[in-house]
Amino acid sequence: METLDWIVIVIFSLALIGIIVWVMKQKQNDSADYFLGGRDATWIAIGASIFASNIGSEHLIGLAGAGASSGMAMAHWEIQGWMILILGWVFVPFYSRSMVYTMPEFLERRYNPQSGTILSVISLISYVLTKVAVTVYAGGLVFQQVFGIKELWGIDFFWIAAIGLVLVTALYTIIGGMKSVLYTSILQTPILLLGSLIILILGFKELGGWDEMMRIAGATTVNEYGNTMTNLIRDNRDSNFPWLGALVGSAIIGFWYWCTDQFIVQRVLSGKNQKESRRGTIFGAYLKLLPVFLFLIPGMIAFALHQKTGSFLPLSGDGTPNADAAFPTLVARLLPAGMKGLVVCGILAALMSSLASLFNSSAMLFTIDFYKRFKPAASEKKLVVIGQIATVVIVILGILWIPIMRSVGDVLYAYLQDVQSVLAPGIAAAFLLGIAWKRTSAKGGMWGLIAGMAIGLTRLGAKVYYSSAVASSDNLFKYLFYDVNWLFFCGWMFLFCIIVIILVSLLTKAPSEEKIQGLVFGAATKGQLAETRAGWNRRDIIHTCIILGITVAFYIYFW
C-alpha cells in the first residue's frame with residue numbers, strides 16, 4: 001500500500017461519514033423509520049442495497065476461491081439471481097398487502113404465531129453463527145493479506161482488521177438504521193463494481209485474455225467423467241455438482257434466499273410502493289448477473305496464472321495452491337498504486353454493507369418478533385432503542401465468535417453451503433404453499449417448518465459425526481443423512497416438506513377466507529389487484545425478459 005492508496009481510502013471514508021451524518025439528521029421517530037427507512041426507498045436504493053448486501057465474504061473469498069478450485073460449478077448459485085424477479089413479481093404484492101416488517105411476522109399472519117417463532121429462531125441463529133461469523137472472519141483474513149501486515153502494535157493484524165470492521169459497521173448501523181444501509185449502499189455499490197472490473201481487466205491482461213483462460217481451464221478435468229473447469233453442467237455421477245442436483249438444489253436455495261430471507265426481503269419492504277419495490281428487484285437482478293464475471297472468473301484467472309507460472313497463488317499447509325487467496329492475491333500482485341486503494345475500498349464496501357444489513361435484519365427480527373410480542377404496548381421510540389441494543393448484543397456475539405471461526409474457519413466455511421441446503425427446503429415449502437394454495441392450513445405450514453428444521457439438524461449432526469468418526473459401518477441412516485449428495489438431499493428434503501404440509505393441511509381445519517384475504521393467490525380484493533396492476537408496465541416486462549435471456553445464454557455458452 002502506497003501513499004496514493006491511502007489517499008483514496010481516506011476520500012472514501014470521508015464520503016461514507018458524510019452520508020452517515022446526513023442520515024443522522026433525518027428524523028427516525030418510529031420503528032418503520034429505523035428498520036425500513038420509513039418505507040420511502042426508491043428502486044435505485046433498493047436494487048443497490050440488495051446487491052451490496054448480498055456481496056460479502058462468500059464472494060470475495062468463497063466465490064473467487066471456488067473459481068480457482070472447481071471452475072464454473074458454483075456459477076449456478078450466482079446465475080440463479082434471476083429469482084429476485086420472483087420476489088418482485090410474485091411476492092412483493094403479498095408482502096405489501098400484509099404490511100409486515102419481517103418474514104416471521106408474515107408467516108404469523110398467514111399461519112400462526114408458532115410458525116413465526118420457529119422462523120425467527122432459525123434466522124437469528126443462522127445469522128450470528130454463519131453470515132456474521134463468516135463475514136467477520138473473512139474480512140480479517142482479506143485485509144491481512146491485502147495490506148500485507150502481520151502485526152501492528154504487537155497485535156496480530158487479523159484481530160485489528162476483524163474487530164475494527166465490526167465496530168465501524170455496527171456504529172453507523174446502530175445510529176442510522178435502515179437508511180444507513182440503503183444510502184451507504186448507493187456509494188458502496190459503484191465502487192465495488194469498478195474495483196472488481198479493474199481486477200478482471202488487469203487479470204486478463206496479465207494472463208493473455210479470455211481465450212487463454214478458457215484454454216487452460218478447459219484442459220483441466222475435474223472428475224473421471226471428462227468434465228473440465230469450464231463446464232457448468234457436469235455428469236450426474238459427479239460427487240460434488242451433479243447437473244440435476246445442481247439445478248434443483250440451487251433453485252431451492254435461491255428461492256429461499258431471494259424470496260423469503262429477511263436479510264434480502266427487508267430491502268424490498270422499505271420501498272415507497274409496489275412499483276418501486278418491483279423495479280428495485282429488477283435492478284437488483286441486473287446487478288446480480290455480474291458476480292460470476294467480477295469474482296468467479298477472476299478466481300479462474302488466478303488458477304490459470306498459477307498453472308502458467310507455477311507460483312502465483314500462495315500455498316496451503318499441505319503444499320497445494322490456496323484457492324481462497326485468489327482474489328486478495330490478484331489485488332496485491334496486479335494493481336498499481338491508487339487502484340489498489342480503490343479496490344480495497346470496494347472490498348471494504350462489500351463487507352461493511354453485508355454486515356450492516358445483517359445487523360439491521362437481526363435487530364429487527366428480535367425487536368418485532370420477540371420483544372414486541374411480550375411488550376405490545378411499547379412505544380415506537382422504545383422499539384428503536386431496543387433495536388439498537390439488540391444490534392450491540394449481536395455485535396458482541398459476532399466478536400466472541402471470531403476465535404472459534406479462526407480455529408475452525410476452513411471447516412465452517414466448507415459447511416456453509418451445507419447449512420443453507422438444509423435451512424432452505426422447509427422454509428421455501430412453507431412460503432410457496434402459503435401463497436399458492438388456499439387450503440394450506442396453519443398447522444400444515446407449522447409442521448412443514450418443524451419437519452424441515454428436524455431433518456436439517458439431523459443432517460448437520462450426521463455430517464459432523466461421520467466426518468470426524470474414525471470408522472463407521474454402513475447403514476440406512478448413514479446413507480440417507482450423510483452419503484447422499486447434498487444437492488440431491490436438498491431436493492428430496494424440499495419434496496418431503498411439501499408432502500408434509502399438504503397431508504397435514506388436508507387433515508386439519510382450512511383457514512377462513514377472512515384470514516387469508518390478500519395473502520394467497522385468488523384471495524385478493526379488486527382494489528388490491530388494481531394496485532398491483534398499476535405497479536408495472538411494458539418496460540418492466542421487457543427488462544425482465546432481457547435478464548432471463550441473458551441467463552439462458554449463459555447456460556448455453558458454458559454448458
Side-chain angles (χ1 to χ4, degrees), residues 35 53 58 87 91 95 100-135 249 252-266 269 357-373 390 393-394 397-398 401 412 415-435 440 442-464 481 486 489-490 493-494 496-498 500-501 504:
F35 292 119
S53 300
E58 64 268 30
L87 171 61
F91 281 87
Y95 294 154
V100 295
Y101 286 18
T102 69
M103 293 299 92
E105 196 179 359
F106 179 81
L107 283 190
E108 182 174 341
R109 287 280 307 275
R110 176 60 182 87
Y111 295 131
N112 54 29
Q114 292 88 340
S115 298
T117 300
I118 292 169
L119 183 58
S120 293
V121 171
I122 294 172
S123 299
L124 280 172
I125 292 173
S126 67
Y127 286 171
V128 173
L129 298 187
T130 58
K131 290 180 179 179
V132 172
V134 170
T135 301
I252 293 169
I253 294 170
F255 176 80
W256 158 73
Y257 183 77
W258 294 114
C259 300
T260 73
D261 190 12
Q262 180 71 25
F263 178 59
I264 293 298
V265 177
Q266 192 170 333
L269 294 177
S357 300
L358 283 166
F359 290 153
N360 190 248
S361 296
S362 301
M364 186 175 186
L365 283 171
F366 176 81
T367 305
I368 302 299
D369 295 320
F370 289 105
Y371 184 82
K372 193 175 180 180
R373 184 175 299 173
V393 173
I394 290 157
L397 289 174
W401 192 250
L412 192 58
Y415 282 132
L416 189 59
Q417 289 299 335
D418 259 334
V419 171
Q420 292 188 337
S421 72
V422 296
L423 182 71
I427 298 172
F431 273 89
L432 181 63
L433 286 180
I435 69 159
T440 309
K443 289 188 177 179
M446 181 185 74
W447 280 104
L449 286 169
I450 292 172
M453 186 168 63
I455 295 170
L457 290 174
T458 304
R459 167 79 173 185
L460 289 175
K463 289 284 291 185
V464 172
F481 290 96
W486 65 288
F489 187 89
C490 181
M493 183 179 166
F494 178 71
F496 180 80
C497 291
I498 289 280
V500 168
I501 294 173
V504 174

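Each residue takes its place number in the sequence, starting with 1.
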For the pair F431 and Y95, name the ring-plane relationship: parallel under 30°, tilted 30 to 60°, perpendicular over 60°. perpendicular
Could you tell me which residues satisfy side chain to side chain donor-acceptor pair (under 3.5 Å) with [X], sequence neighbours excluded, listed by chain and number?
| X | answer |
| --- | --- |
| E108 | R373 |
| T440 | none |
| S123 | none |

Which residues pass the side-chain contact (heavy atoms from CB on, under 4.5 Å) test with I455, not counting sequence neighbours? F481, F489, M493, F496
Could you list the residues that satisfy side-chain contact (heavy atoms from CB on, under 4.5 Å) with S115, not counting sequence neighbours? L107, Y111, N112, M446, L449
What distance do [X] atom [atom1] and [Y] atom [atom2] have between them, rounded to the nearest 0.5 Å?
| X | Y | atom1 | atom2 | value |
| --- | --- | --- | --- | --- |
| C259 | M103 | SG | CE | 10.5 Å |
| C497 | I450 | SG | CD1 | 11.0 Å |
| L432 | I427 | CG | CD1 | 13.5 Å |
| I253 | F494 | CD1 | CZ | 12.0 Å |

Non-neighbouring partners of F255 that pass ring pair (Phe, Tyr, Trp, His ring centres under 6.0 Å), sequence neighbours left out: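 With sequence neighbours excluded, F255 shows a ring pair (Phe, Tyr, Trp, His ring centres under 6.0 Å) to F91, given in chain and number order.
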